[in-house]
Amino acid sequence: MAVRKPPSRNERVSVCLGFPAYHGPQHLQRLRAVDPRIEPVPLPVDPGGGWVAVPPADPHEEPPSWAVGVAEERRRALKQAEALITLHTPQDLMTLAPRLRWIQGLGAGVEQFARAGVSRERVVVTNASGVSAGSMAEFVFGRLLQIWKRFREAEAHQRAHEYVQTYGRTFAGSTIGIVGMGSIGSAVAERARAFRLHVLGLKRSHRPGATSELAEQLFGPEQLLEMLAQCDIVVVAAPATNATRHLIDATALAAMRPGAVLVNVARGSLVDEPALIQALESGHLAAAVLDVFEQEPLPKESPLWDLANVYISAHSSVSTDRYLDDVFDLFLDNLARYVAGEPLRNRVDMVALGFA
Ligand code: GLV
């Protein structure tokens with residue numbers, strides 16, 4: 001379904017650039033090249049305002065702390081915006097941007113827009129799903145190789161000049177279960193097949209009897225425990241919604257095979273952290289790879305930091321060498337569709353995801 005009718009000959013289409021890395025002259029030029037009616041409007045920030053380090057999940061006050069000196073320019077930019085590409089969102093976006101019809105999110109996750117009460121009737125949300133999937137899947141296997149091949153221990157022995165064997169585990173013939181077979185889960189599955197792992201996949205929209213080229217068996221959400229019981233590795237790659245909150249709880253962890261590894265590259269809210277800590281301390285799980293946490297940044301006092309079998313990274317499983325360029329290409333393609341009155345790519349079905 002198209003978002004709008006194509007604009008008339010002299011109509012302006014105001015496109016607000018809410019992500020500062022896209023304010024360069026080359027970006028503005030490429031936007032104008034899509035259609036002469038497009039009017040790119042950068043949403044300014046204060047020099048050295050520190051927006052990069054702010055997690056986007058919680059909508060912010062307007063102006064945000066990183067743009068107090070340019071509040072008026074921001075207000076004007078949002079007021080005329082018809083399309084917006086952004087990572088962070090103001091809490092009262094719907095009031096500040098009365099003409100808004102389309103948001104292109106910078107990431108795969110869109111929960112910040114749901115939290116800001118973005119109107120499903122008025123605004124279409126598209127995400128960057130797929131752009132990060134390949135590099136995230138590489139990250140997952142980097143960690144899994146580190147754990148199953150015991151690289152951390154080999155390095156410690158090297159530092160201590162100790163010639164000690166560190167034999168590992170074999171991927172071929174073992175089983176990986178992927179919770180969420182979207183673009184990230186599918187990219188993990190593809191690579192898992194190259195390692196000759198048995199691949200099981202859990203899909204929100206699974207219908208009995210449905211098959212997949214990427215997984216030997218598919219499961220629906222109500223079959224989570226059945227799938228987990230067969231897994232040596234579980235990768236969580238589903239969106240944060242009400243339905244997925246604490247999906248991996250004490251019961252789910254107990255269902256996993258003793259010695260299994262849990263990987264979470266999705267959102268911290270999907271895993272019950274205290275239950276996970278218990279499963280790691282008891283030795284039921286061999287290890288956890290955590291790129292996301294219930295609270296980010298992970299508080300200094302979290303017990304997770306000091307568990308020897310936890311592998312922490314700071315919400316950075318994506319590789320950014322090409323990410324921003326690839327998202328901008330996706331945005332330009334979608335913008336061309338928008339002005340042509342065609343359906344957009346990566347439209348997020350906020351209702352199906354369970355966002356109210
Ligand atoms: C990052 O976490 C994203 O949603 O892409």
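Start at 1 and go down the list; that is how both ligands and their atoms are numbered.
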Neighbour count >12 (heavy atoms, 6.0 Å) for atom NZ, K79:
no
The protein heavy atom nearest to atom 5 (O) of ligand 1 is A108 N, 2.6 Å
The option among M136, E111, H315 carrying the non-hydrogen atom nearest to atom 1 (C) of ligand 1 is H315
Which option wins on minimum heavy-atom distance to atom 4 (O) of ligand 1: A57, P55, G107, G109?
G109
Return yes if a side-chain donor-acceptor contact under 3.5 Å exists between Q104 and T126, otherwise no.
yes
Do other residues, nucleotides or ligands put more than 12 heavy atoms under 6.0 Å from R115 CZ?
yes
When you check the gap from the basic side-chain N to the acidic O, do E11 and K5 get nearer than 4.0 Å?
no
Based purely on interatomic distance, does R267 place a nitrogen or oxygen under 3.5 Å from a nitrogen or oxygen of ligand 1?
yes
